Amino acid sequence: MNKLNQTPLQEVHGLGAARSKDLNALGIHSVSDLIEYFPFRYEDYRLRDLSLVEDGEKITVQAKVYSLPQVQRYGRNKSRMTCKMLVDEQHMITTVWFNRHFLKDRLIAGKEIILSGKWDRKRQTLTVSESEFPGSNAPQTGALQPVYSVGGSITQRWIRKIIQQALQQYSELITDPIPATYSQKHNLIPRKQAILFIHRPQDASDGTEARRRLVYEELFLFQLKLMIFRSMSRTKADGIQHEFESEDVRKFVRALPFQLTDSQKKVTAELLSDLRKSYSMNRLLQGDVGSGKTVVAATALYANFKSGYQGAMMVPTEILAEQHYQSLQELFEPYGLEIGLLVGSLTNKQRRDVLASLQSGLIDIVIGTHALIQEKVHFRNLGLVVTDEQHRFGVNQRSIFRHKGFNPDVLTMTATPIPRTLAITAFGDMDVSTLKELPKGRKEIKTYWVKHNLMERVLGFIQKELQAHRQAYVICPLIEESDKIDVQNAIDLHAQIQEVLSGYKVGLLHGRQPADEKEEVMSQFSENEVHVLVSTTVVEVGVNVPNATIMVIYDADRFGLSQLHQLRGRVGRGQDQSYCILIADPKSEIGKERMRSMTITNDGFEIARMDLELRGPGDFFGTKQSGMPEFRLADLAHDFEMLEMAREDAAELVRSDEFWTAAKYLPLRELLDKAQLMEKELD
Ligand code: ADP
Ligand code: MG
């Protein structure tokens, strides 16, 4: 790898300074960049048997010139040339060439030529779009031809040639960083062969094998860097070594109004053990909606408090902050903890008080929105930060706290369950815990998909549930909270529904309301004084009103699957059977498929996987802030299994002593430098 890394482009025969510059613009700076510039698809120029070709197909055949070409000229550069050719010694065909009269003199009877073009079966005529005489070292026809992303003066034809040239000169120098044990274990072809194949596969299976080999390499090296980085940060004892009595925590857990699920117990134990260690905890806790993450976090916050530290919990919306604030206050009341709330809508005086109490240490645990990571917030001794629904925040809150002079343990929670391997990839150096089960006794939410013209029946259904003293949400799409049109939609829908359900109180909630108004509506809904809540997605995460049994989602096709699942998770929180009704008239097949899949499964992990497949990882994580790495070949939506394999191998390798000492692993160890670079990026 290394040598070719340092070989300048201009050592490739036929590659001059001007073209080098254009290659640079494509990100190609060395010979290794060039031969690792992989095609993104292939065009099929494989030779075909004419007797099997359908009318109108694009084909490639090898032919022999039979007659003198006839040229008709019209206009300056326009021409039509015809020439009879013999294919496979049995088909006499007519070839038609437009504006290629300059080839006339080369079409000598008996000469072999490869032709691509459109086949007119009835007239036995081929309209030639590309032609080539055999014998070139980089033939452009007669095979699967790679298609590269090109630009500037660089054409498809030229880059194919120059890559083949580079391979001819340098393929012997291609080295293979993947330990032989792993190549053998997974049946991977050698690197050199993979690179040759990917640029010039003989058939589709060559391409597949090559891709498999190179995707593995990409993912393996990526995972290896993560592991090395992680093992370094693990050995840095710069975190807080929490000290608390296990018995105190056990008492706390025993006093909860329910038994922890087995998953909750396991994860709690992982957290407590992390807290006691001297390196900083950086753990992702993922669990489906309703799996009970809050209480697990609360237990960790309690242990943190018992160790003498302050804790913080950061959530994405004020509504959620308010809700957590209340439930944690109740939970911690018997133990005399002081809980604070820090959100954007506090009055100046309230805010000053909270800030002062945080600095003096009067507040033990503070719940807040991103207001928590603003400049003026100072803690006395911050020991643990919990962020709920982490995908809504940027990834570097941790470094913000560090810059404030703290190095707290960090617990990140997400209810958008991310397939495990992807979580590891996306969140790099994090450990991952998963709540695998829901608390017992929950009823499966029944999900239906209906068209808009059934809205009346849906309202009738809501009315029946209201008569049984249950409650309903009606969600309107809102892509941006600041979008006026969407807010208007919510207002209109609210008015319509209130009219139909005139005997009940219908509340309205959207992001544009003042905070106290939102709070008022939410608390009325919690108390069943508001029976139906028409809302934008501000209730998407975390909101907990167990008496609500119906979730109606208007224009459901405008939401992502994971978001729909989140919204659905607002019901099914009590004893009663709950329902989710998706109202949508999607036009595309994918749109219909998405709606259908929601009705089929309640499993957030399964939904996340489907979402990922239908949308791709970039969209899945919403924004660039997710820090998802970009891969050259690997496609995380489809290469999950490979990622998992690569991860296991990398982990095994890093754990072995040999990896750190044996000479044969030197090239891999050199990746350490890059891992250190990465740490800088993360901070
Ligand atoms: P999420 O993981 O979606 O944040 P919550 O923490 O809000 O879920 O928990 C959902 C509901 O389940 C809450 O009302 C909570 O009190 C309850 N709960 C949590 N753990 C258990 C358990 N082990 N048994 C019964 N109910 C539980
Ligand atoms: Mg939650």
Side-chain angles (χ1 to χ4, degrees), residues 249-250 252-271 283-302 313-317 319-334 365 367 386-393 411-418 423 432-445 471 473 522 525-528 537-549 551 562-576 578 580 602-605 607-608:
V249 180
R250 272 200 289 274
F252 175 81
V253 169
R254 274 200 297 269
L256 291 171
F258 42 72
Q259 275 246 314
L260 292 186
T261 64
D262 289 345
S263 277
Q264 283 173 321
K265 282 183 198 157
K266 178 163 173 279
V267 170
T268 305
E270 284 167 352
L271 294 181
R283 190 171 278 277
L284 176 71
L285 168 54
Q286 55 170 357
D288 205 347
V289 183
S291 57
K293 294 182 290 294
T294 317
V295 69
V296 172
T299 309
L301 284 166
Y302 184 68
M313 185 183 237
M314 202 157 74
V315 299
T317 64
I319 290 176
L320 199 51
E322 186 74 40
Q323 185 181 295
H324 276 318
Y325 173 63
Q326 271 163 22
S327 61
L328 292 188
Q329 243 180 346
E330 265 169 51
L331 192 62
F332 288 126
E333 159 114 79
I365 296 175
I367 321 294
V386 177
T387 59
D388 198 7
E389 308 303 343
Q390 100 88 34
H391 61 290
R392 278 141 195 282
F393 296 107
L411 173 65
T412 300
M413 306 200 288
T414 179
T416 301
I418 301 164
V432 180
S433 294
T434 304
L435 289 178
K436 294 200 176 74
E437 59 195 321
L438 299 184
K440 287 197 187 64
R442 294 267 171 85
K443 285 210 178 78
E444 184 114 317
I445 302 163
Q471 290 165 272
Y473 294 93
M522 249 347 269
F525 189 61
S526 301
E527 303 296 322
N528 200 1
T537 51
V538 287
V539 298
E540 180 183 341
V541 289
V543 169
N544 191 21
V545 179
N547 191 49
T549 54
M551 166 61 64
S562 295
Q563 203 178 5
L564 289 174
H565 183 64
Q566 284 290 327
L567 287 166
R568 175 165 65 184
R570 296 312 108 217
V571 296
R573 301 187 151 245
Q575 300 306 311
D576 303 312
S578 288
C580 174
N602 260 302
D603 178 342
F605 283 79
I607 285 169

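In listed order, ligands and their atoms are each counted from 1. Just so you know, these numbers come straight off a predicted model, no measurement behind them. Values reported hereafter were calculated over all heavy atoms of this structure, with side chains retained and with hydrogens, waters and symmetry mates removed.
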If you measure from each non-hydrogen atom of Leu260 to ligand 1, which part falls under 4.0 Å: side chain, backbone, both or neither? backbone
Nitrogen or oxygen atoms of Phe258 and ligand 1 under 3.5 Å apart: no
I'd like to know if the side chain of Ser263 reaches the main chain of Lys436, judged simply by a donor and an acceptor atom lying under 3.5 Å from each other, with no hydrogens or angles considered. yes
Where does Gln264 meet ligand 1, judged by heavy-atom distances below 4.0 Å: at the side chain, the backbone, both, or neither? side chain
For Gly292, counting its heavy atoms only, list the atoms of ligand 1 lying under 4.0 Å from any of them. 1 (P), 2 (O), 5 (P), 6 (O), 8 (O), 9 (O), 19 (C)
Can a donor-acceptor pair be found, under 3.5 Å and without considering hydrogens, that links the side chain of Gln264 to the backbone of Gly292? yes
With a heavy-atom distance limit of 4.0 Å, tell me whether Lys440 approaches ligand 1 through its side chain, its backbone, both, or neither. neither
Pair Lys440, Thr261 - check side-chain contact (heavy atoms from CB on, under 4.5 Å), show working. CA-CA 8 Å; Lys440 287 197 187 64; Thr261 64; over 6 Å; no
Taking salt bridge (Lys or Arg N to Asp or Glu O under 4.0 Å) as the test, write out the residues that go with Glu270, two or more places apart. Lys266, Arg283
Main-chain N/O of Ile445 paired with Asn602 side-chain donor or acceptor, under 3.5 Å: yes
Indicate yes or no for a side-chain donor-acceptor contact from Lys443 to the backbone of Gln575 under 3.5 Å, with no hydrogens or angles considered. yes
Across all chains, not counting sequence neighbours, the ring-ring contact (aromatic ring centres under 6.0 Å, His included) partners of Phe252 are Tyr302, Phe332, Tyr335
Any idea which atoms of ligand 1 are less than 4.0 Å away from a heavy-atom of Gln259? 22 (C), 23 (N), 24 (N)
For Ser291, is the nearest heavy atom under 4.0 Å from an atom of ligand 1? yes
Only heavy atoms of Thr261, strictly under 4.0 Å: list the atoms of ligand 1 that pass. 23 (N)
Under 4.0 Å from a heavy atom of Arg573: which atoms of ligand 1 are those, numbered in the order shown and with their elements? 3 (O), 7 (O), 10 (C)
Is Val289 in polar range of ligand 1, meaning some N or O pair under 3.5 Å apart? no
Minimum heavy-atom separation for Gly572 and Ser578, please, with both atom names. N-OG, 2.9 Å
Show me which atoms of ligand 1 lie under 4.0 Å from any heavy atom of Asn544. 13 (C), 14 (O)
Please work out which of Thr294, Thr414, Val296 has its closest non-hydrogen atom nearest to atom 4 (O) of ligand 1. Thr294
